[in-house]
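Working notes, structure below.
Reckoned from all heavy atoms, side chains included, excluding hydrogens, waters and symmetry mates.
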Amino acid sequence: MKKLSILLVVILLVSSISMAAFAQDGGGWLDNLLGNNQKEDDGLVKVGFLLKTMQEERYIKDRDAFIEKAEELGADEVIFDSANNDENLQLSKFENMLTQGADVIVLQPVNTGTASNMVKMAHESGVAVVNYDSLIMNSAVDVFLTQNSWAVGELQGQAMVKWFKENRGEVKGNVVLLRGQPGDSNANAFSQGVLDTVAKYEGLNLVVDQSHEGWSPNLAMATVENALTKYDNNIDAVVANNSGMASGAVRALEAQGMADSDEVFVAGSDADLINIRYIAQGKQTVEIFKKIKPLAYKAAEVAVTLAKNPDKPIDEIVKIDRYVDNGQKEVPTVITEIVVVNQDNIMDTVVADGFHEATEIFKEE
C-alpha cells in the first residue's frame with residue numbers, strides 16, 4: 001500500500017509539471033484561464049501600459065493618448081509606467097502591474113528577445129499581453145499593435161534615392177545606417193528597407209552599419225563623427241532608425257559645417273520636434289511620421305476590449321490586419337499608418353495632425 005501511495009504522488013507531481021508546461025507554451029492567456037493561477041476578478045477593468053522609456057519626446061504623446069482613450073472606453077484604472085531602457089527594471093515594473101491586478105498589460109519591450117518571459121508570467125496569471133510597437137520574439141503574445149514598421153526603411157530608402165538623383169545627378173555615394181538597440185525587432189525591420197535600397201543600387205556604398213544601445217542619440221553622434229573622420233567628410237547620406245539618433249547625426253554634421261540637406265541626406269523616424277525644426281531649417285531631409293494617436297488609441301481599444309471579453313478569441317473581437325511570425329506563433333497584428341515628412345509638407349502632416357504647433361516648429365532661434 002505504501003509503494004502504491006508513493007507511486008500516486010509521483011504521478012500527480014509529473015502531471016502537475018506537465019500541465020504547467022502546457023500552460024506556458026500554449027496559445028496565450030485564454031488557455032491559461034483554465035488553470036489554477038489566474039487572478040481573481042475584482043469586477044473592475046484595469047489596464048497596464050508599460051513603455052520601454054520616456055527618453056524620446058513621442059512617448060509623452062503615446063502615454064497621454066492611451067490613457068485618454070482607455071478611460072473614455074470604460075477602463076476603471078490605467079496603470080502606467082516606463083523602464084528607462086532597462087530590461088531588469090521593466091521586469092520589476094511588469095511584476096508590479098500584475099500584483100496591482102491588471103486584466104491586460106500593453107507592453108513595449110526594452111529587449112524584444114527576452115521579453116517572452118514576461119508574456120509567460122502574465123499568461124500564468126490569466127492576464128493578456130498586448131505587444132506594443134516592437135515585436136516580442138519567440139512568445140505566445142496575444143496581439144501585436146504597431147505602425148507599419150516594415151515600410152519605415154522603404155520610405156527612407158525611396159527618399160534617399162530621390163535625393164541622390166536631385167542633388168548628385170546619380171544614385172552614388174557613401175551611406176551611414178544608424179540602427180537602434182542591438183537585436184531589437186523594430187530596429188531590424190526599420191533597417192531592412194534601407195539595406196534593400198543599398199543592395200539595389202551599385203553606386204551606393206554602405207560604409208557604416210552600426211547598432212546603438214538604448215537608441216542613444218549621443219552614441220549615434222559619435223558614430224557619425226567617427227565616420228566623418230575616417231572618410232574625410234565624404235559621407236553623402238545618414239539614415240537613422242529614430243529621431244533621436246538622427247538629431248545626433250545632425251549635431252555631428254553641424255560641427256563640420258555640413259548640416260545642410262543639399263549637402264548630406266539625413267533621415268529619421270518618429271518626427272520629434274527638434275527634427276521637424278531641422279527639416280524646416282534645411283539641416284535634415286526627411287522624417288517618417290509614425291502617427292502616435294492612432295496607434296495609442298487602437299492599443300487602448302484592444303486592451304479594454306480584451307479586458308471586457310476574457311472568454312472570446314482575439315480574432316472575434318479585434319480586426320486583424322495580418323499575422324506576423326515571431327518565431328513561436330503567427331501573431332495577430334494590427335497596423336497603423338506612417339507618412340514621410342519633408343520641408344514641403346510639414347503643415348499638411350505633423351501640424352495638420354496636431355502633433356506639433358507651427359509656432360513651435362518655425363520659431364526664431
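Between N241 and N186 the shortest side-chain heavy-atom distance does not fall below 4.5 Å. Within the 4.5 Å cutoff, the side chain of T146 has heavy atoms near those of the S149 side chain. Side-chain contact between D133 and Y59: present, with at least one pair of heavy atoms (C-beta onward) separated by less than 4.5 Å. At least one side-chain heavy atom of V266 sits less than 4.5 Å from a side-chain heavy atom of L253. In this structure, the side chains of V324 and E330 stay at 4.5 Å or more apart for every pair of heavy atoms. Considering only heavy atoms from C-beta on, M121 comes within 4.5 Å of E95 through its side chain. Using a 4.5 Å heavy-atom cutoff, the side chains of E154 and D196 are not in contact. The shortest distance between side-chain heavy atoms of Q156 and S269 falls below 4.5 Å.
A donor and an acceptor atom, one from each side chain of N148 and T336, are nowhere located under 3.5 Å apart. Inspection of the E337 and Q147 side chains reveals no N or O donor paired with an N or O acceptor under 3.5 Å. With no hydrogens or angles considered, a side-chain donor-acceptor pair links T114 and E87 at under 3.5 Å.
Test T333, V331, D315 against Y323 for side chain to side chain contact (heavy atoms under 4.5 Å, CB included) and you get one pass: D315. A side chain to side chain contact (heavy atoms under 4.5 Å, CB included) with S243 holds for exactly one of I276, I288, N275; it is N275.
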>> Apply side chain to side chain contact (heavy atoms under 4.5 Å, CB included) to residues S247 and Y278 and explain how you reach the verdict.
In response: CA-CA 8 Å; S247 68; Y278 284 155; 4.0 Å; yes
>> Could you go through R168 and K172, starting from their C-alpha distance and side-chain angles, then the distance that decides it, and tell me whether this counts as side chain to side chain contact (heavy atoms under 4.5 Å, CB included)?
In response: CA-CA 8 Å; R168 298 285 192 268; K172 183 178 181 180; over 6 Å; no
> For K52 and W215, what are the C-alpha separation, side-chain angles and deciding distance, and is it a side chain to side chain contact (heavy atoms under 4.5 Å, CB included)?
Replying inline: CA-CA 11 Å; K52 65 181 179 182; W215 303 73; 3.2 Å; yes
>> Evaluate I235 against V207 for side chain to side chain contact (heavy atoms under 4.5 Å, CB included), listing each step before the verdict.
In response: CA-CA 9 Å; I235 297 298; V207 295; 3.9 Å; yes
>> Go through it in stages, so that I can follow the logic: the residues are D353 and K291, the test is salt bridge (Lys or Arg N to Asp or Glu O under 4.0 Å), and I'd like the CA-CA distance, side-chain angles, deciding distance and then a yes or no.
In response: CA-CA 8 Å; D353 271 48; K291 298 185 178 184; 3.5 Å; yes
>> Show, in sequence, the C-alpha distance, side-chain angles and deciding distance for N218 and H212, and conclude whether the side-chain hydrogen bond (donor to acceptor under 3.5 Å, both in side chains) test is met.
In response: CA-CA 9 Å; N218 290 334; H212 300 83; over 6 Å; no
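M221 is not connected to V239 by any chain of hydrophobic side-chain contacts under 4.5 Å among Ile, Leu, Val, Met, Phe, Trp and Tyr, and they are in different clusters. Both L177 and M160 sit in one connected hydrophobic cluster of ILVMFWY residues. Membership requires side-chain heavy atoms under 4.5 Å apart, directly or through other members. Transitive grouping of hydrophobic side chains (ILVMFWY, heavy atoms separated by less than 4.5 Å) brings V127 and I79 into a common cluster. Hydrophobic clustering (side-chain heavy atoms under 4.5 Å, transitive across Ile, Leu, Val, Met, Phe, Trp, Tyr) keeps L135 apart from I338. Criterion: ILVMFWY side-chain heavy atoms under 4.5 Å apart, direct or through other members. Under it, V47 and L295 are part of a common hydrophobic cluster.
Looking at H356, its side chain does come within 3.5 Å of a backbone N or O of A271 through a donor-acceptor pair. Checked by atom type and distance alone, the side chain of N174 pairs as donor or acceptor with a backbone atom of N234 at under 3.5 Å. With hydrogens and angles ignored, the 3.5 Å screen pairs a side-chain donor or acceptor of N242 with a backbone N or O of M245. Distance alone, capped at 3.5 Å, is enough to place a donor-acceptor pair between the N131 side chain and the I136 backbone. Distance alone, capped at 3.5 Å, is enough to place a donor-acceptor pair between the S261 side chain and the G282 backbone.
Both cation-pi conditions hold for K61 and F355: the charged atom is under 6.0 angstrom from the six-membered ring centre and inside a 45 degree cone around its axis.
Salt bridge present: R58 and D62 bring a charged side-chain N and a carboxylate O closer than 4.0 Å. By the 4.0 Å N-to-carboxylate-O rule, D209 lies close enough to R179 to be salt-bridged with it. Between K290 and D270, at least one side-chain nitrogen of the basic residue sits less than 4.0 Å from a carboxylate oxygen of the acidic one, meeting the salt-bridge criterion. Using a 4.0 Å cut-off between charged side-chain N and carboxylate O, E254 and R251 make no salt bridge.
Distance check: K93 NZ to N84 CG gives 9.0 Å after rounding to the nearest 0.5 Å. Distance CE/M258 to CD/E263: 5.0 Å, rounded to 0.5 Å. Taken to the nearest 0.5 Å, the CD1 atom of I314 stands 6.5 Å off from the CG atom of D142. To the nearest 0.5 Å, the span separating OG on S134 from CD on Q181 amounts to 10.0 Å. For the atom pair N205 CG and Y231 OH, the distance stands at 7.0 Å (nearest 0.5 Å). Considering CD1 of I279 and CD of Q284, their distance stands at 5.0 Å, rounded to 0.5 Å.
Counting all heavy atoms, side chain and backbone alike, A307 lies closest to D103 at CB-CB, 3.9 Å. Here the closest non-hydrogen pair linking N345 and V340 is ND2-O, 2.9 Å. A pairwise comparison of heavy atoms in K319 and D321 identifies NZ-OD1, 3.5 Å as the closest pair. Across all non-hydrogen atoms, the minimal contact from R277 to E360 is NE-O, 2.8 Å. Contact between L306 and A128 at its shortest, heavy atoms only, is CD1-CB, 4.2 Å. Between V106 and A303, the closest heavy-atom pair is CG2-CB, 3.7 Å.
No more than 12 heavy atoms of other residues, nucleotides or ligands sit less than 6.0 Å from atom CD of E202.
Aromatic ring centroids of F265 and F164 lie 6.0 Å or more apart.
The aromatic rings of F66 and F49 sit parallel to each other, their planes meeting at less than 30°, with 60° as the upper class boundary.
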